[in-house]
Amino acid sequence: MKIQIEDKEFDLMLEYDQIKKRTRLLGIQLNVDYEDKVPVFIGVLNGSFLFMADLIKEIDISCELAFVKVSSYHGNDTSSGIVRELIGLDIDLKNRDVIIVEDIVDTGLTLIHILDTLKKLEPASINVCSLLLKPGSLQEDIEEITYVGFEIPNEFVVGYGLDYKGLGRNLKDIYRASTSPSET
Ligand code: IMP
């Protein structure tokens, strides 16, 4: 099935049914791994909102939930000129077991920044649960990525929380770009 968003055509890649089944398995694994703990699930907005909603329904151990957002703005005090700030965290993470919930890890640069920031808050442990991972795009190994829904090729995807030019987050299934978007 094909869909059109703005100037781009997308093909169906993962149906919601597959996503749900995989999410259920991730939940089972997390329930076992964190059996005696009360972890804090931290969703990274905007993309993770649907995955977090489905994942958390599979969790039957006691847990807390929070969302953060990475805001990027141009500054003069880093080599890249981009300064990223993590906003919205309202839970004390000291000595807590943290699970970062991501929609997708592409280059991994955003995640590395989030990990660096959260580690300074002295959690007892920190792991990442990402629905999608593009191994071919990852710039360095990130040992905290313990739970992955699907490894996908280095293609632009949209739907189930992920957007193209702000659109498509509401799509139930995940689609891949038929041709590479000029702007991602
Ligand atoms: P990274 O820093 O390159 O790992 O990517 C960070 C963010 O870019 C993700 O959290 C997404 O918001 C966005 N992103 C990366 N790849 C895609 C994609 O294929 N579709 C939609 N958004 C993406």
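Counting starts at 1 for both ligands and their atoms, in listed order. Note that the numbering runs from 1 along the sequence shown for the chain.
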May I ask whether Y160 and L14 are part of the same hydrophobic cluster, defined by side-chain heavy atoms of I, L, V, M, F, W, Y residues being less than 4.5 angstrom apart, directly or through others? yes
Do I61 and V40 sit in one hydrophobic cluster, given that two such residues count as connected whenever their side-chain heavy atoms are within less than 4.5 Å of each other, even indirectly? no
Within the 4.0 Å heavy-atom shell around [X], which atoms of ligand 1 are there?
| X | value |
| --- | --- |
| G108 | 1 (P), 3 (O), 4 (O) |
| L162 | 21 (C), 22 (N) |
| D103 | 10 (O) |
| K134 | 16 (N), 17 (C), 18 (C), 19 (O) |
| E155 | 19 (O) |
| T110 | 1 (P), 2 (O), 5 (O), 6 (C) |
| D163 | 21 (C) |

Would you call the rings of F156 and F10 parallel, tilted or perpendicular, where under 30° means parallel and over 60° means perpendicular? tilted
Would you check, one step at a time, whether the test salt bridge (charged side-chain N to carboxylate O under 4.0 Å, His left out) holds for K119 with D116? CA-CA 5 Å; K119 279 177 189 170; D116 286 349; 5.1 Å; no
Would you mind checking which non-hydrogen protein atom is closest to [atom], with the distance to 0.1 Å?
| atom | result |
| --- | --- |
| atom 20 (N) of ligand 1 | V157 O, 2.6 Å |
| atom 14 (N) of ligand 1 | I104 CG2, 3.9 Å |
| atom 3 (O) of ligand 1 | T107 OG1, 2.5 Å |

Identify whether the distance between the nearest side-chain nitrogen and carboxylate oxygen of D11 and K2 falls below 4.0 Å. yes
Quick check on atom 8 (O) of ligand 1 - does any protein heavy atom sit closer than 4.0 Å to it? no
Run down the list V70, L109, L133, D106 and name the one with the heavy atom closest to atom 16 (N) of ligand 1. D106
Are the side chains of L89 and L121 in touch, meaning some heavy atoms are under 4.5 Å apart? yes
On a heavy-atom basis, the closest approach of I91 and A66 is CD1-CB, 3.9 Å
Above 12 or not: heavy atoms from other molecules or residues under 6.0 Å from NZ of K172? no
